[in-house]
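Have a look at the structure below before the remarks.
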Amino acid sequence: MTPEAPPAQDTRDARARYTIFAVLWVTVLATLLWRPATTLAPSPPTRSLYDAIEAIPREKLVIISASWDVGTRGENGPQTAAIIEHLFRTGHKFAIFGWVAPPGPLLVEMIARDLARKYHKRYGVDWVNWGFKTGTDAMIMGLAKNIPAIIRQDMHGTPITKLPAMKGVKDHRDVGMVIEITGSGTLLSWIQFWQGVYGTNIGYCPTGVMVPDAFPFLDAKQIRGLLKGLAGAAEYENLLRTHGDASVRMTAQSASHLVIILLIILGNIAFFRRGKRQA
Amino acid sequence: MLQILHNAWPWICKAFQPVHGTRLLVYVCGTTAAWILLFWVLHLLPARQKRGLIVACTFLAGLFYSLEFFLPAKASWLPGGKNPLSDLVVPMGNAVSVVFAFTLALGLINLCLVHGRSLAQAKPGWHNSLAFFLALISMTVFGLWQSYVKDGPQRTLFGLSGASVHRVDDVLFSGLFQPLGATMFSILAFYIASAAFRAFRVRTAEAAFMMAAAFVVMLGQVPVGYWLTHWLPMPEHNPLGYLRFEVLANWILNNWSMAAIRAIEFGIAVGALAMALRIWLSLERGSFFEVREGPR
Amino acid sequence: MPYYIIVIGAVATLGIYSILYRENAVFRLFEHIFIGLGAGYGFYFTITSVLDPQWWTPMVKEGKWYWVVAMLVGAMFYLIYNRRLVWMSRLVMVALMGLFAGLTFKGFITAYVPWILASFKPIVLARKPYIHITNLLSFVTLISVMSYFFFSVEQRARVLRGSAQLGRWMAMVAFGAIFGSAVMGRMSLFIDRVAFLLFDFLRLAK
Amino acid sequence: MIRIEHPNWFQTVLWFVVSATIVGTILTARRGRQLFVRRIPGLTAIDEAMGRATEMGRPVLFTFGLLGIGIVAMQALAILSHIARQAARYGIRLIVPVADVPLYTIAEEVIKEAYTAEGKPEAFRPEDIRFLSDQQFAYAAGVIGLMHREKVASVFYFGYFYAESLLLAETGQVVGAVQVAGTPATTQIPFFIVATDYTIIGDEYYAGSAYLSREPTLMGSLVGQDIGKLILLVMILLGTAFAVGVELLPSIFAQNWMAKLLGG
């Protein structure tokens, strides 16, 4: 630890930083424009989420908990699209629901509308949007006991009693699975107040940074499946045999990972060469 | 004591019935006056007793969720045969979020003071403070405005309909607020790259372990890693298959890092439990928990 | 989304990215706009999503007069600026922390007992290959990392010192895994911004 | 899969035993029993970093991250108090940007008290304790600006951090500051490890304030926590032993009794 770093070191570090930034920009721009799609073989956590969704009884509702906003759209967006595509194919009814990130339900609805057109699904019959509800944990607890009392109307102001998809949906027993798609630490609420109490199945789609933290829950069977960030979404698209955003972006992802790995190797070579010279 | 409570119970229930009109106003004002009076009297207490009051309130507050949890859901010895606190959990959660919502102006006051001063004294960078105020005011006004006109499609305020207000709100929210946040977030991509370049040097065993795990997980989650080792057999057929990047990455996440994270979390859980006990039982010391007499 | 909103978004995006070169006036301007928008958003969101539905509606429209107490308790926070009455704000804060302490007890059991249970795995098997290597590794990792976090014993004994050292290495595996996984995450966010600039703003053929 | 709405008797006993142990050790420590805490490498680095700031005559910066008032904050405040006393002693400027208003007011008080305790109340500069924003990235942008403009010599990160951790730590690295970090947020520790000079990991965060302050309450609590962890460890060992027993000698071990007790 030197008291004052010499200026030469400073400029060299700065030059290295700028080079790294430039290389990253070029890599991502080039791969996105070139647009080759790549497929990714599904890993066990992805497959178990797929199987868990397949196994949900047809009459039960699936809750898509949209706990993300534009900040983490890069990962959560493709995850949401993959899950919704699967639900439209299996014919499960689902409800979009927000309780952490206020813009979440709107962003998910935009994805759902695009896909609904493709699969000729109708809003209100095949899917609904509960919108954003406040009250966090207390509300989640209440929701398990009485869904109509908490939701009352959908995001567009229609009373849920008028929506065919919500017919017969009363409490946690009518929910086949909760799929938490999130950019922050929201999982524990569903585990503590739904899974831990009523045994509701939870599917989990976190961003990359939270993936290792999710495995203790997977191991304890508190969650039924897991999408590992964007890679998980690409794997899911592979299971569904489609090429969505995730598959295209995985190429850019591959390229930038290679860049970082090369950087680490270069850094080590430089370190050992400098080390030798000093020795 | 219990007998008195038993006799008074219907009266208490009656007092908590919803009221409307003038009576509501009287009730609300009366409660406010009683509250202020109560705290005025409490303020006259000496510091020692104020401290005792805080200790008692903290203990009672902590008792709420604890009792709700540790008492069984149903038992014959409980009043009414079931857990009396379970029904209060949801209203309690609502009350806490309302109480916190009322602190919303605390931060706002502070920010306005700082930027107001910079604007009034025309400090260097005052135009930034001006931008701050413009952003703050327009976001608040159009946000509230929009939620007012949203209640009904025909509602207008100052002659503006929902659609035109919505357009302004869209510019502020979708045009500025969201891209700003998302871009700040994405800058991490650059920082993570330069940090990896600078810091991942195999100097010690620790660094080597960390780097190796990062390497495998990074490669195991992208198609290029899959491609690099796709010539290896699948792990079901041959143990060599465990060296495939995607298999190895998943194995590390599922067994190795999983156990380490679990161990770290156990430690943190006990640490948090200890901290919670110290607060609940008022064993914690420090300026925050002391009560002093008057200004110093 | 109308195109002018996308243009504004693109300008904001590029303004923030200018920090990659150095701290500058454009970045500072957007930084202040951002802080202002954030404060305004927090303000109106709290009013429309918490205070209106959870407080004003039950109290005024449904006549539940006792909700006024929530406001009185909330107001006590503001006494923090008054030297003489500051103890009242402390009372509220410490009591709320007591409430959270109660929740911590609940979390200690509901969140961690399942994890303790899940770590009961056989490391020796009755059939081939007799030793379950994966379970053994998980077990050793769990025990050694936990042993690293014992603070009140001097790590002089060789077993304990070795175990603690091993634990630190094993913890590094977890941190490496988090780092590697985060690289993917952060890159995805950058890719999303670039996709926005290329396909939404510049309207390059998708 | 296990469901816990209310605990069974064994879970209650487990909670009670761990809690009682912690409270018991706190009380014995308060009665004056001497207790031992092992060295925590990252924490001794605090003094080193303060020394460097003294040498260079530049300010130091302390951040709580997005922390609000609560359990984690109490520990961070104890460490802040230690740093503030050193700052007062050596005449170093201490800058503290905060993202939570109640915490901001308390931090100000803690620092002021530290300066008074060192006999230099006049050296305390209230304008250096600032509330920036409660929005994550707006706060991060503000702290980044401060680090650049004030040319800080050292940065301390103690509190709860989210994605802003690396934004801040990498900026500190660029301005050439010595950095020490500690947080119970497991997901952010790797970023501190790569970008700061010393990182206090996991549970060390809770041990930190005891190590620095030598306050009997905290020391006692630390010993109690160790015993609590030991209890968990023994349970895991027993549970694993029973699992092996079930595997090898199913005639004797009909089931995993440890798991049964825990409600599994």
Side-chain angles (χ1 to χ4, degrees), chain B residues 18-20 24 27-28 31 35 50 54 57-58 61-62 65-66 69 94-95 98-99 101-104 128 131-132 135-136 139-140 143-144 147 174-177 179-180 183 185-186 188-189 192 206 209-210 213-214 217-218 221 255-257 259-261 263 267 269 273 276 279-280 291 295, chain C residues 5 8-9 12-13 16 32-34 36-37 39-40 43-44 46 48 50-51 54-55 63-65 68 70 72-74 77 83 87 91 94-95 97-99 101-106 108 112 134 138 141-142 145-146 149 169-174 176-177 179-180 183-184 186-187 189-190 193:
Chain B
V19 288
H20 291 280
L24 176 66
Y27 271 50
V28 167
T31 313
W35 191 267
K50 278 180 196 157
I54 293 181
C57 282
T58 310
Y65 282 118
S66 316
F69 181 57
N94 279 336
V98 169
V99 166
F102 273 107
T103 64
L104 86 168
N128 288 329
F132 162 81
L136 168 68
M139 191 73 166
T140 314
L144 288 173
S147 68
S174 311
L176 280 170
F177 188 57
L180 284 170
T183 311
F185 208 153
S186 72
L188 280 169
I192 216 170
E206 268 176 36
F209 269 108
M210 186 167 167
V217 171
M218 244 190 272
Q221 292 184 335
N255 302 295
W256 208 349
S257 87
I261 289 175
L273 176 70
I279 288 174
W280 184 42
V291 177
Chain C
I5 289 184
I8 296 171
T13 303
I16 292 289
H32 282 81
I33 293 177
F34 191 22
L37 290 173
F43 189 73
Y44 100 70
T46 312
T48 55
V50 183
L51 291 183
Q54 287 182 27
W55 180 72
K64 294 174 182 162
W65 57 273
V68 71
L72 295 169
V73 174
F77 268 96
R83 288 247 157 251
W87 73 271
L91 174 71
V94 181
M97 276 161 64
L99 207 61
L103 274 181
T104 307
F105 303 149
K106 184 174 179 173
F108 181 74
Y112 295 104
T134 304
S138 298
T141 307
L142 185 71
V145 176
M146 281 185 85
F149 291 110
W169 290 344
M170 298 295 108
M172 289 299 150
V173 171
F179 190 94
V183 167
M184 174 185 69
R186 305 315 190 207
M187 284 301 152
L189 306 183
F190 174 53
R193 288 327 283 166

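Sequence lines set the chain letters: A, B, ... in the order given, protein chains first and strands last, and positions in each chain run from 1. All figures in this text were calculated on a predicted structure; none of them were measured in a lab.
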Please determine, among [options], the option with the most heavy-atom pairs under 4.5 Å with chain C.
options	value
B:Ser257, B:Cys57, B:Gly267	B:Ser257
B:Ser174, B:Ser66, B:Gly143	B:Gly143
B:Val99, B:Asn128, B:Leu136	B:Asn128
B:Thr58, B:Ile261, B:Leu176	B:Thr58

As an exercise, state the distance from [atom1] of [X] to [atom2] of [Y], rounded to the nearest 0.5 Å.
X	Y	atom1	atom2	result
B:Phe69	C:Phe108	CZ	CZ	11.0 Å
C:Thr141	C:Met170	OG1	CE	5.5 Å
B:Leu24	C:Lys64	CG	NZ	12.5 Å
B:Ile192	C:Phe190	CD1	CZ	13.5 Å
C:Trp55	B:Phe102	CH2	CZ	4.0 Å

Top residue by heavy-atom pair count (under 4.5 Å) with chain B, among [options]?
options	value
C:Leu72, C:Leu51, C:Val183, C:Leu91	C:Leu72
C:Gly180, C:Ala101, C:Gly36	C:Gly36
C:Val145, C:Ile8, C:Leu142, C:Val50	C:Leu142

What part of [X] gets closer than 4.5 Å to chain B, counting heavy atoms only: side chain, backbone, both or neither?
X	result
C:Val68	side chain
C:Thr13	both
C:Phe34	both
C:Met184	side chain

Side-chain donor/acceptor of C:Ser138 to backbone N/O of B:Asn255, under 3.5 Å: yes

task: Would you check if C:Trp87 and B:Lys50 make a side-chain contact, meaning some heavy-atom pair closer than 4.5 Å?
output: yes

pair B:Trp35-C:Val73: side-chain heavy atoms closer than 4.5 Å: yes

query: Between B:Phe132 and chain C, which part of the residue has a heavy atom less than 4.5 Å away: side chain, backbone, both or neither?
result: both

